[in-house]
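Counting convention: from 1, in listed order, for ligands and their atoms alike. Only a predicted model underlies this, so the values are computations on that prediction, with no experimental measurement involved. Both backbone and side-chain heavy atoms feed into the values below; hydrogens, waters and symmetry mates do not.
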Amino acid sequence: MRSVVIAGARPNFVKVAPLLRALEAGGSQPLLVHTGQHYDSSMSDALFRDLDIPAPDVNLGVGSGTHASQTATVMTTFEQWLEENQADQVVTVGDVNSTLACTLVAVKRGVPVAHVEAGLRSFDRSMPEEVNRLVVDALATWLFTPSIDANENLLAEGVDPTRIFLVGNIMVDSLLASLEKARSSQIRRALDLEGRFGLVTLHRPALVDAPVALAGVVSALHDIASELTLVFPVHPRTRKRMEENGIAVDPRVVRLVEPLGYLDFLLLEAEASLVLTDSGGIQEETTILGVPCLTLRENTERPITITHGTNTLVGLDPDAIRHAADLVLRGTARPSAPPLWDGRTAERIASILLRGTPEVSWLPPSRDAPAPGGSEKTPSDGQTPIGPKSTHG
Ligand code: UD1
């Protein structure tokens, strides 16, 4: 069984690390394709090193571009690669442009796709990631979901339940496997960071490409920083926008640093009194770590981190951000683990993938395949809970 695993951007690397290990432990020899969507050493190499990810079998080197050109470049280069290399299944993770592009290419070549982190929905189609999620989930054969709300979203879209596998959150696998190692990170010493501090990350276009919103958030950060030093590893997109729009921070209270490696960032996240972010994955990590998280967005595709975790959706209004930070700094938060966020998600995925493509696959090429529900070998066997039984076929 030749699985081809795709990774393109920083959050993907955290997800493929445990998956590659689990596929290998199951006796398979997966290939890793790095699309090159993220290419700076701090956005890519540092993560490969910290997460012990083997060097990719190929780097497509696509780099940056508009959505269309970046997606198209991944498609043409990956299509060429797939023509020259055998693949029985393609595994895509998350919701970045590389996830979308490789899914489209594989499905059109008749190679079944597994999507890890399926079913998340912000219900906001102005987010490029939401568009990517919708298309990828419409096309993938296996939909591996992190939480029950994702199953519900897919079922509401009319997805055949036999395609849905609730397996838990694969980022938690990396987090739990790395926490001890992260504890010996020297990053606090390197930053001369003593006592309580807060951690900030911002990179979403809806915020950082909107100068008024970005300036408002930065002014709220300054107010919060009068009580608590803030460390702000700056994404390249955000740095560029701050420079273009003359948005400066006071370096005495808001410490701008380059994007950090996985272990250094994890240590800061675990020891922070407060995290302010517009990231998706950080909402999940803070839930497991029990660190209060303020999400600076109007919506989230990860509502379980609010209902079961430490996350609060605050929006972009500077007063609301100040007020929420004030409340959180006076309260307490506890670690919380939604069901199956237990460090064994990759193992569950690998055991399902290594069974081979389900006969109930809805992929069109084999017209002789038994109708969904007509096979004894449904993907719902085994230990993995799925949504309600199919009513199709
Ligand atoms: C992408 C993902 C987003 C994910 C984020 C994590 C999409 C649509 N978005 O957003 O879901 O949360 O990655 O970081 O795929 N750049 C560099 N060096 C790099 C990478 C990017 O300088 O290594 C700069 C380039 O100027 C580039 C810009 O950042 O144009 C945006 O990068 P891109 O990969 O297109 O999207 P992200 O904003 O990083």
Side-chain angles (χ1 to χ4, degrees), residues 6-16 33-49 51 56 59-75 77-78 92-104 115-118 120-122 124-137 170-171 174 200-210 214 232-245 256-262 265 269 275 277-285 293 295-297 299-302 305:
I6 310 293
R10 185 169 59 177
N12 295 165
F13 307 138
V14 184
K15 293 164 197 163
V16 301
V33 173
H34 188 328
T35 66
Q37 176 172 343
H38 282 177
Y39 44 86
D40 281 359
S41 165
S42 61
M43 301 289 284
S44 178
D45 303 350
L47 284 275
F48 271 70
R49 195 180 48 239
L51 289 156
N59 188 322
L60 303 177
V62 301
S64 300
T66 63
H67 283 275
S69 74
Q70 187 176 60
T71 306
T73 310
V74 177
M75 286 183 72
T77 50
F78 183 55
T92 61
V93 301
D95 54 18
V96 304
N97 287 340
S98 300
T99 313
L100 168 70
C102 293
T103 298
L104 279 169
H115 183 213
V116 177
E117 204 185 80
L120 297 186
R121 297 289 181 269
S122 64
D124 173 4
R125 292 192 184 188
S126 70
M127 273 181 92
E129 294 84 359
E130 182 76 351
V131 177
N132 295 346
R133 293 180 199 117
L134 284 161
V135 178
V136 172
D137 287 344
I170 200 161
M171 300 237 334
S174 280
V200 180
T201 81
L202 307 171
H203 76 278
R204 297 266 174 211
L207 169 53
V208 304
D209 292 358
L214 184 58
F232 183 179
V234 193
H235 186 283
R237 169 195 283 274
T238 311
R239 188 177 285 279
K240 212 186 283 173
R241 296 294 180 263
M242 288 173 75
E243 285 167 6
E244 282 166 4
N245 294 295
L256 290 191
V257 298
E258 289 299 309
L260 296 171
Y262 181 73
F265 187 82
E269 212 180 349
V275 173
T277 190
D278 60 357
S279 152
I282 292 172
Q283 299 170 46
E284 300 174 332
E285 290 172 345
C293 176
T295 296
L296 310 187
R297 289 173 43 186
N299 52 54
T300 177
E301 59 290 324
R302 280 136 165 123
T305 59

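Nearest residue to atom 37 (P) of ligand 1 from Met43, His235, Gln70 is His235 (criterion: closest heavy atom). Closest heavy-atom approach to atom 3 (C) of ligand 1 within the set Glu129, Arg241, Gln37: this belongs to Glu129.
Qualifying salt bridge (Lys or Arg N to Asp or Glu O under 4.0 Å) partners for Arg10, counting only residues two or more places apart in sequence or in other chains: none.
Counting the atoms of ligand 1 from 1 in the order shown, those under 4.0 Å from a heavy atom of His67 are 8 (C). Here is the list of ligand 1 atoms found below 4.0 Å of a heavy atom in Asp95: 11 (O). With ligand atoms numbered from 1 in the order given, ligand 1 contributes 4 (C), 5 (C), 6 (C), 12 (O) to contacts under 4.0 Å with heavy atoms of His203. Annotation for ligand 1: atoms under 4.0 Å from non-hydrogen atoms of Arg237 are 29 (O), 31 (C), 38 (O). The Pro236 neighbourhood of ligand 1 comprises atoms 16 (N), 17 (C), 18 (N), 22 (O), 24 (C), with distances under 4.0 Å to a heavy atom of that residue.
Closest protein heavy atom to atom 16 (N) of ligand 1: Tyr39 OH, 3.6 Å. Here the protein heavy atom with the shortest distance to atom 26 (O) of ligand 1 is Lys240 NZ, 2.6 Å. Nearest protein neighbour of atom 25 (C) of ligand 1, counting heavy atoms only, is Ser64 OG, 3.2 Å. The closest protein non-hydrogen atom to atom 8 (C) of ligand 1 is Asn97 OD1, 3.3 Å. Protein heavy atom in closest approach to atom 21 (C) of ligand 1: His38 CD2, 3.9 Å. With hydrogens left out, the protein atom closest to atom 2 (C) of ligand 1 is Val96 CG1, 3.6 Å, a heavy atom.
When heavy-atom distances to ligand 1 are checked against a 4.0 Å cut-off, Pro11 comes that close only through its side chain, counted from C-beta outward.
In the model, Thr277 has a side-chain atom that pairs as donor or acceptor with a side-chain atom of Thr201 under 3.5 Å. The closest side-chain donor-acceptor pair between Gln37 and Ser98 falls under 3.5 angstrom. Using a 3.5 Å distance cut-off with no hydrogens or angles, the side chains of Ser44 and His34 do pair a donor with an acceptor.
Here the shortest heavy-atom pairing between Val275 and Ile282 reads CG1-CG2, 3.7 Å. Between Ile6 and Cys102, the shortest heavy-atom distance links the atoms CG2-SG, 3.6 Å.
Using a 4.0 Å cut-off between charged nitrogen and carboxylate oxygen, Arg133 and Glu130 count as a salt-bridge pair. At a threshold of 4.0 Å, the pair Arg297-Asp124 does not count as salt-bridged, since none of the basic side-chain nitrogens sits closer than that to a carboxylate oxygen.
Ligand 1 has an N or O atom lying under 3.5 Å from an N or O atom of Asp40, backbone or side chain. The N/O atoms of Asn132, backbone and side chain alike, include none that comes under 3.5 Å of an N/O atom in ligand 1.
Side-chain contact between Glu301 and Glu117 is absent, with no heavy-atom pair separated by less than 4.5 Å.
Here the rule is side chain to side chain donor-acceptor pair (under 3.5 Å) with Asn132, and of Thr92, Thr103, Asn97 only Asn97 fits it.
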